[in-house]
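What follows is a set of notes on a single structure, which appears directly below.
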Amino acid sequence: MKNMKKVMMMGIAGVLTILPMNAESASCANGVGVELKGNDHGTYCRSPITMNWWSAHAWCDAIGMKLVPMEECECRDESKCDMTRQCPNLYNTSAGDIWLWTATPKSDTNANVINPSYGGVGILSRNLDARYALCL
């Protein structure tokens with residue numbers, strides 16, 4: 001009986017240890033999205049597929065988030081960022097060569113995009129459906 005209590009307590013402790021990891025990994029679109037962390041601030045959720053600018057807004061809304069504004073590129077603590085990059089907070093060479101939509105329009109037909117693999121910023125047609133949503 002005493003050994004059975006020990007086994008049950010160890011089992012409960014094991015489950016409790018695992019739960020926070022599962023909850024954390026599921027926090028980005030219930031585990032469907034890809035979590036990205038800013039160098040200085042912010043934890044973001046990237047869509048698993050590419051889409052156009054309007055769909056990117058809709059995808060972020062659907063998961064209870066918003067498409068990131070260009071201001072998320074800013075670095076508040078320069079010691080944590082490579083300030084030679086256009087988007088120092090989201091510069092991450094391990095992110096792969098991908099482009100991310102931002103909520104910031106550049107004209108009636110274009111919007112700003114970010115490439116975290118080199119910390120670059122660009123402008124693309126909002127109709128182009130080959131970019132990922134980045135939500136905050």
Side-chain angles (χ1 to χ4, degrees):
M1 184 72 166
K2 196 174 187 181
N3 285 337
M4 184 62 126
K5 282 185 181 180
K6 280 185 181 179
V7 170
M8 286 180 60
M9 292 302 282
M10 289 174 60
I12 291 170
V15 168
L16 292 175
T17 304
I18 292 169
L19 285 177
M21 289 189 297
N22 288 339
E24 185 177 314
S25 64
S27 66
C28 180
N30 290 324
V32 175
V34 178
E35 187 175 277
L36 297 175
K37 292 189 183 277
N39 293 314
D40 172 56
H41 66 276
T43 300
Y44 309 91
C45 185
R46 178 180 64 82
S47 64
I49 60 169
T50 60
M51 56 193 70
N52 67 36
W53 188 75
W54 290 277
S55 295
H57 273 285
W59 191 81
C60 291
D61 285 345
I63 62 169
M65 300 176 95
K66 296 291 178 197
L67 200 58
V68 298
M70 280 300 296
E71 289 79 20
E72 289 302 307
C73 281
E74 296 170 8
C75 191
R76 299 174 190 150
D77 181 352
E78 294 183 7
S79 68
K80 295 179 180 178
C81 302
D82 180 346
M83 298 307 291
T84 65
R85 305 298 171 166
Q86 290 176 297
C87 189
N89 183 46
L90 296 173
Y91 172 53
N92 178 353
T93 56
S94 66
D97 191 19
I98 59 173
W99 286 93
L100 308 167
W101 287 116
T102 72
T104 309
K106 199 62 181 167
S107 69
D108 288 344
T109 57
N110 297 318
N112 283 90
V113 290
I114 300 166
N115 185 315
S117 67
Y118 68 89
V121 173
I123 301 166
L124 290 172
S125 168
R126 294 189 227 177
N127 292 324
L128 186 64
D129 61 355
R131 303 299 175 245
Y132 296 88
L134 185 62
C135 312
L136 174 63

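Keep in mind that what you see is a predicted model, and the values were worked out from it rather than measured. Worth knowing before you read on, the calculation uses all heavy atoms, side chains too, and leaves out hydrogens, waters and symmetry mates.
- The minimum heavy-atom distance linking V113 with I123 is given by the pair CG2-N, 4.1 Å.
- SG atoms of C73 and C87 are separated by less than 2.5 angstrom, consistent with a disulfide link.
- Side-chain atoms of T50 and R131, non-hydrogen and from C-beta on, never get closer than 4.5 Å to each other.
- Under the 4.5 Å side-chain criterion, counting only non-hydrogen atoms from C-beta, P69 is not in contact with T102.
- Using a 4.5 Å cut-off between side-chain heavy atoms of Ile, Leu, Val, Met, Phe, Trp and Tyr, with links allowed through other members, Y132 and W101 fall into different hydrophobic clusters.
- In the hydrophobic cluster analysis, where Ile, Leu, Val, Met, Phe, Trp and Tyr join through side-chain heavy atoms closer than 4.5 angstrom, M51 is grouped together with M65.
- Between the side chain of T109 and the backbone N or O of S125, no donor-acceptor pair lies under 3.5 Å.
- A continuous path of ILVMFWY side-chain contacts below 4.5 Å connects L36 to L136, so both sit in one hydrophobic cluster.
- At a threshold of 4.5 Å between non-hydrogen side-chain atoms, the residues W53 and L67 count as touching.
- Counting all heavy atoms, side chain and backbone alike, C28 lies closest to R46 at SG-N, 4.1 Å.
- Here salt bridge (Lys or Arg N to Asp or Glu O under 4.0 Å) pairs that include residues 48-61, with residues two or more places apart or in two chains, are D61-K66.
- Proximity of a side-chain donor or acceptor of N39 to a complementary backbone N or O of Y91 within less than 3.5 Å is detected.
- At a threshold of 4.5 Å between non-hydrogen side-chain atoms, the residues S117 and T93 do not count as touching.
- At a threshold of 4.5 Å between side-chain heavy atoms, the hydrophobic network of Ile, Leu, Val, Met, Phe, Trp and Tyr places V68 and M70 in one connected group.
- Taking the side chain as every heavy atom from C-beta outward, L134 and L90 approach each other to under 4.5 Å.
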### Task
Kindly indicate, with the supporting measurements, whether the criterion side chain to side chain donor-acceptor pair (under 3.5 Å) is fulfilled by Y44 and N89.
CA-CA 11 Å; Y44 309 91; N89 183 46; 3.2 Å; yes
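- In terms of heavy atoms, P48 sits closest to W59 at CD-CZ2, 3.6 Å.
- Panel note: side chain T43, backbone K37; no donor-acceptor pair is recorded below 3.5 Å.
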### Message
One pair to check against side chain to side chain donor-acceptor pair (under 3.5 Å): H41 and E74. What are the steps and the verdict?
### Response
CA-CA 9 Å; H41 66 276; E74 296 170 8; over 6 Å; no
#### Entry: E78 vs K80, salt bridge (Lys or Arg N to Asp or Glu O under 4.0 Å): CA-CA, chis, key distance, verdict
CA-CA 5 Å; E78 294 183 7; K80 295 179 180 178; over 6 Å; no
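- With rounding to the nearest 0.5 angstrom, the CD1 atom of I114 is 8.0 Å from the CG atom of N112.
- A disulfide is assigned to C135 and C60, since their SG atoms are nearer than 2.5 Å.
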### Pair E35-S27, side chain to side chain contact (heavy atoms under 4.5 Å, CB included): steps then yes or no
CA-CA 8 Å; E35 187 175 277; S27 66; 3.7 Å; yes
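- Between the side chain of D40 and the backbone N or O of D77, at least one donor-acceptor pair lies under 3.5 Å.
- Judged purely by atom type and a 3.5 angstrom limit, Q86 uses its side chain to pair as donor or acceptor with the backbone of V121.
- For residues 85-100, the salt bridge (Lys or Arg N to Asp or Glu O under 4.0 Å) pairs, not counting sequence neighbours, are D82-R85.
- Judged by distance alone, the side chain of R126 and the main-chain N or O of N110 form a donor-acceptor pair under 3.5 Å.
- K106 places none of its side-chain heavy atoms less than 4.5 Å from the side chain of L124.
- A donor-acceptor pair is defined here as one N or O able to donate and one able to accept, closer than 3.5 Å; such a pair exists between the side chain of S47 and the backbone of A133.
- Taken to the nearest 0.5 Å, the CG atom of D129 stands 9.5 Å off from the CD1 atom of I49.
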